[in-house]
Protein chains: 2
Amino acid sequence: MSETDSIAPRRGKAEAKQTVLCKVCGDRASGKHYGVLTCDGCRGFFKRSIRRDLAYQCKESNSCPIDVARRNQCQACRLKKCFEVRMNRDAVQHERAPRTNQYKHCTNEEIRSKTLKRKQVNFEHSNQDIATNATHVAPKKEKVLDSPTTPEPGYYGNSPPRFLVGYVTPESPKGGTVSVAMTAAITPPHTPQHRQQMPFQMIYLGSPEMLHESAVRILFMTVKWVRNIPTFFELPFRDQAILLEEGWSELFILSIAQWNLPVEISTLMAAAGVSPQPNESVERVICGMAEIKALKNIVERFRAADIDQTEYACLKAVVLFKPGTRGLRAPHHVEQLQDQAQSMLGEYDRQSYPSQQVRFGRLLLMLPALKEVSSKCIEQMFFRGTLDTIPMERLLSDMFKSA
Amino acid sequence: MSETDSIAPRRGKAEAKQTVLCKVCGDRASGKHYGVLTCDGCRGFFKRSIRRDLAYQCKESNSCPIDVARRNQCQACRLKKCFEVRMNRDAVQHERAPRTNQYKHCTNEEIRSKTLKRKQVNFEHSNQDIATNATHVAPKKEKVLDSPTTPEPGYYGNSPPRFLVGYVTPESPKGGTVSVAMTAAITPPHTPQHRQQMPFQMIYLGSPEMLHESAVRILFMTVKWVRNIPTFFELPFRDQAILLEEGWSELFILSIAQWNLPVEISTLMAAAGVSPQPNESVERVICGMAEIKALKNIVERFRAADIDQTEYACLKAVVLFKPGTRGLRAPHHVEQLQDQAQSMLGEYDRQSYPSQQVRFGRLLLMLPALKEVSSKCIEQMFFRGTLDTIPMERLLSDMFKSA
DNA sequence: CGGGTCGGGTCAAAGGTCCA
DNA sequence: TTGGACCTTTGACCCGACCC
């Protein structure tokens with residue numbers, strides 16, 4: 001309040017106080033701009049004119065009346081009026097860099113206020129994404145969606161192994177882009193390509209009664225997804241089993257994040273930790289509050305990363321094909337498959353998010369988080385009811401056979 | 001910016017005395033702020049950035065010139081400059097309650113927006129402030145001490161801070177490649193650039209007697225390496241400690257692989273697991289044969305990957321800057337630093353190993369393995385003798401101070 | 001006890017975005 | 001493309017604790 005001397009231009013909104021008028025057009029002024037009380041319209045007009053050094057031409061005699069109704073009739077005279085009332089062109093600054101979506105750490109409660117505060121920022125965000133990707137994303141999505149029905153002359157034909165081999169296809173129409181076949185293979189055919197969509201009916205992790213059943217369903221879908229990867233069957237059967245056993249819980253968590261399923265702490269606590277069963281105390285890995293929160297945290301981090309369906313597909317493949325797993329008979333082949341998956345992801349991100357150079361690396365660096373909650377823990381949280389009799393390996397095996 | 005209205009924008013009223021210049025933008029400084037002579041603009045900018053943990057993105061190559069006319073063109077580079085001239089983020093205090101001064105009439109809208117804007121206000125207070133201030137009082141004295149010796153020719157004359165600034169330098173000889181400077185900074189100065197070379201004398205992990213001492217030495221070098229990363233000090237002091245505590249064991253394993261140090265199972269067994277001490281049985285994490293073998297396996301996998309020194313440097317930075325770590329005050333800033341590291345690695349690999357398209361992804365995907373052996377385990381294996389009295393955090397802290 | 005320094009906060013007037 | 005309603009950021013200025 002350094003300007004206490006003059007009449008404070010308090011812009012009362014819904015009243016007829018001392019409404020200050022724009023010196024240029026007589027509209028209600030929104031404050032002092034470039035040295036003069038003006039409305040937002042004249043402010044913006046003056047700024048644009050100066051910034052871009054525009055020279056207008058009056059079609060009349062350089063004496064058009066400028067008022068709120070006619071201010072847009074003649075730009076030349078409007079600008080002339082601006083100067084006449086002493087708007088200061090030197091107060092117009094250079095254009096700045098476009099405002100970057102300044103994400104701060106949008107965790108937990110802060111995200112709420114942010115969402116409240118700027119809802120259009122979110123729209124803007126998605127708009128920008130769409131705008132940025134308009135050229136390449138749209139066609140890609142279409143292809144993925146219709147690939148089941150479009151046998152893709154060269155690639156798609158029958159089920160077995162072959163068409164995953166060249167994962168970066170030089171023969172791709174627009175130059176080195178992600179193989180459509182690979183994308184299709186790694187993405188479940190019935191997978192919706194838009195976020196926020198719940199793909200499975202009858203899944204609701206938020207309800208205690210539904211928890212076990214839903215979890216089984218998710219796991220089943222995961223296994224089915226794995227079986228949908230043709231190259232998976234290139235591996236020795238034993239390696240298939242090992243990879244599945246080694247990776248199921250990470251894939252499970254990824255699915256929760258991918259399908260935006262709710263992770264309710266209270267529900268999980270009720271289902272997993274709190275009920276004290278006598279035999280539980282013997283087991284070493286007890287799933288406590290900390291693990292549940294950790295899981296929630298992990299899922300939130302993945303959601304915050306705004307990962308699209310194609311990326312999830314690649315990430316899941318990367319997670320599945322862990323070449324370092326002990327006991328593999330064909331570690332080299334597994335490595336090759338992981339290479340395919342990660343290279344596809346990299347290629348895709350370069351194409352679809354060219355402005356986010358670090359996106360690919362970031363995604364890969366999120367994967368270790370999936371191990372922050374052990375599979376034993378996940379088992380206890382989600383599958384305890386189911387597994388009273390069936391060990392996890394058995395469940396996986398059964399699912400794998402019947403999927 | 002209220003001076004722009006009528007008077008000339010230059011407030012060079014009585015330019016008497018040698019006007020001191022802002023170290024960031026060269027404007028007239030209004031005093032020392034956060035440890036450095038700056039103008040009010042840069043002071044406010046720095047404060048806002050730190051308070052809200054903002055992460056800006058440079059649209060260019062992270063080397064925008066910052067002067068009084070262009071300081072608002074690129075927030076990313078402006079903040080970078082702030083850190084380069086050593087503004088101390090720990091001197092920025094928490095937001096306080098709005099001034100208690102009797103407020104006069106505010107419109108409802110105004111009140112609401114204000115309330116929204118500052119949400120976390122009243123809590124912290126003197127205790128935290130004191131704690132925080134304790135850290136930044138010291139640097140003040142230092143600056144006072146060395147300012148007589150720095151007559152402001154260029155910014156820095158004496159200390160070594162400078163060489164990490166632009167990590168992707170356009171002036172790099174072969175065009176946009178990894179900055180030699182950054183690599184140099186991330187690599188210990190006396191580090192040999194060729195593989196297989198043993199950098200430290202007196203380190204021999206293969207001998208039981210030398211094990212502890214050598215391990216301490218390796219850890220010390222690791223800590224020293226961390227301290228050699230200038231950007232590490234951009235982080236809040238507390239975050240520095242958290243990251244070091246969270247990452248030391250992974251860095252330690254990486255160093256073993258990097259320097260080709262032997263991992264002898266028998267030696268480690270003798271030193272760590274086998275001798276049954278009574279107090280050991282109480283501890284939960286016992287380091288057994290399995291963990292030792294796992295460690296050996298991990299190290300072998302890294303060696304087999306033929307990682308060069310630059311890559312190791314980047315990987316270590318990637319491991320160090322874990323943005324997901326719980327408790328960080330500036331997670332966004334950490335993320336930015338990790339982004340820098342991984343993007344540097346990617347750039348380097350594309351340049352140096354153009355035929356290995358998947359190399360970058362592979363390296364990142366090796367990192368989860370470093371967690372297969374817990375830090376508790378590493379502690380037991382290598383530091384048990386040392387740590388009978390000293391807890392690990394203490395050891396790290398001491399090393400960090402003296403490195 | 002006054003003046004300098006450097007934390008804090010304030011808010012006019014710059015900036016920007018985006019639909020009509 | 002331009003206008004203009006609406007929101008964020010900047011920075012000159014003020015307050016106050018603390019130290020000479």
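What you are looking at is a predicted structure, and each value in this text was computed from that prediction instead of being measured. Chain letters run A, B, ... following the sequence lines, proteins first, then strands; residues in each count from 1.
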A.B. asks: Whole angstroms only, please: what is the CG-P distance between A:L37 and C:dA14?
C.D. replies: 11 Å

A.B. asks: Mind checking whether A:Y56 and A:F45 have parallel, tilted or perpendicular rings, split at 30° and 60°?
C.D. replies: parallel

A.B. asks: Remember a base hit wins even if backbone is also touched, and classify B:G31 as base, sugar-phosphate or nothing at under 4.0 Å, heavy atoms.
C.D. replies: sugar-phosphate

A.B. asks: Parallel, tilted or perpendicular for A:Y353 and A:Y348, by the 30°/60° rule?
C.D. replies: perpendicular

A.B. asks: Would you kindly give the CZ-to-C1' distance between B:R96 and D:dA17, to the nearest whole Å?
C.D. replies: 9 Å

A.B. asks: State whether the side chain of B:D239 and the backbone N or O of B:A330 hold a donor-acceptor pair below 3.5 Å, judged by distance alone.
C.D. replies: yes

A.B. asks: Find the distance A:D40:CG to D:dT8:C1' and express it as a whole number of Å.
C.D. replies: 14 Å

A.B. asks: Does the pair A:R362/B:D339 count as a salt bridge with the N-to-O cut at 4.0 Å?
C.D. replies: yes

A.B. asks: Kindly state which residues belonging to residues 49-79 of chain A come within less than 4.0 angstrom of DNA chain C, counting heavy atoms of the residue only, listed by number.
C.D. replies: A:R51

A.B. asks: Rounded to whole Å, how long is the line connecting atom CZ of A:F46 with atom C1' of D:dG3?
C.D. replies: 17 Å

A.B. asks: In whole angstroms, how far is the C1' atom of D:dT2 from the CZ atom of A:R43?
C.D. replies: 15 Å

A.B. asks: Quick check on D:dG3: is either OP1 or OP2 less than 4.0 Å from any side-chain nitrogen or oxygen of A:R48?
C.D. replies: yes

A.B. asks: Name all residues meeting the side chain to side chain donor-acceptor pair (under 3.5 Å) criterion together with B:R70; count only those two or more places apart in sequence or in a different chain, and write none if there are none.
C.D. replies: B:D67

A.B. asks: Any carboxylate oxygen within less than 4.0 angstrom of a Lys/Arg side-chain nitrogen, looking at B:D90 and B:R238?
C.D. replies: no

A.B. asks: Check for me whether B:R227 meets the cation-pi criterion with B:F400, that is, NZ or CZ under 6.0 Å from the six-membered ring centre and within 45 degrees of the ring axis.
C.D. replies: yes

A.B. asks: Tell me if the aromatic rings of A:F46 and A:F83 count as close, with their centers under 6.0 Å from one another.
C.D. replies: yes

A.B. asks: Any ion pair linking B:K80 and B:E234 (charged N to carboxylate O, less than 4.0 Å)?
C.D. replies: no

A.B. asks: For A:H33 and C:dC11, give me the distance from atom NE2 to atom P, rounded to whole Å.
C.D. replies: 17 Å

A.B. asks: Whole angstrom is fine here: how far is it from NE2 in A:H94 over to P in D:dT10?
C.D. replies: 17 Å

A.B. asks: Using whole Å, what does the distance between atom P of nucleotide C:dG15 and atom CD of A:Q93 come to?
C.D. replies: 5 Å

A.B. asks: Would you tell me if any nitrogen or oxygen in the side chain of A:Y34 comes within less than 4.0 Å of OP1 or OP2 on C:dA12?
C.D. replies: no

A.B. asks: For DNA chain C, please output the secondary structure as dot-bracket, reading 5' to 3'. Pairs are Watson-Crick or G-U wobble, both atom distances under 3.5 Å; mark crossing pairs with [ ], other-strand partners with |, unpaired with a dot.
C.D. replies: .|||||||||||||||||||

A.B. asks: With nearest nucleotides of DNA chain C determined for B:K47 and B:S30 from heavy-atom distances, which residue corresponds to the more 5′ nucleotide?
C.D. replies: B:S30

A.B. asks: Hey, which of these two, B:G41 or A:C42, hits DNA chain D nearer its 5' end, going by closest nucleotide?
C.D. replies: A:C42

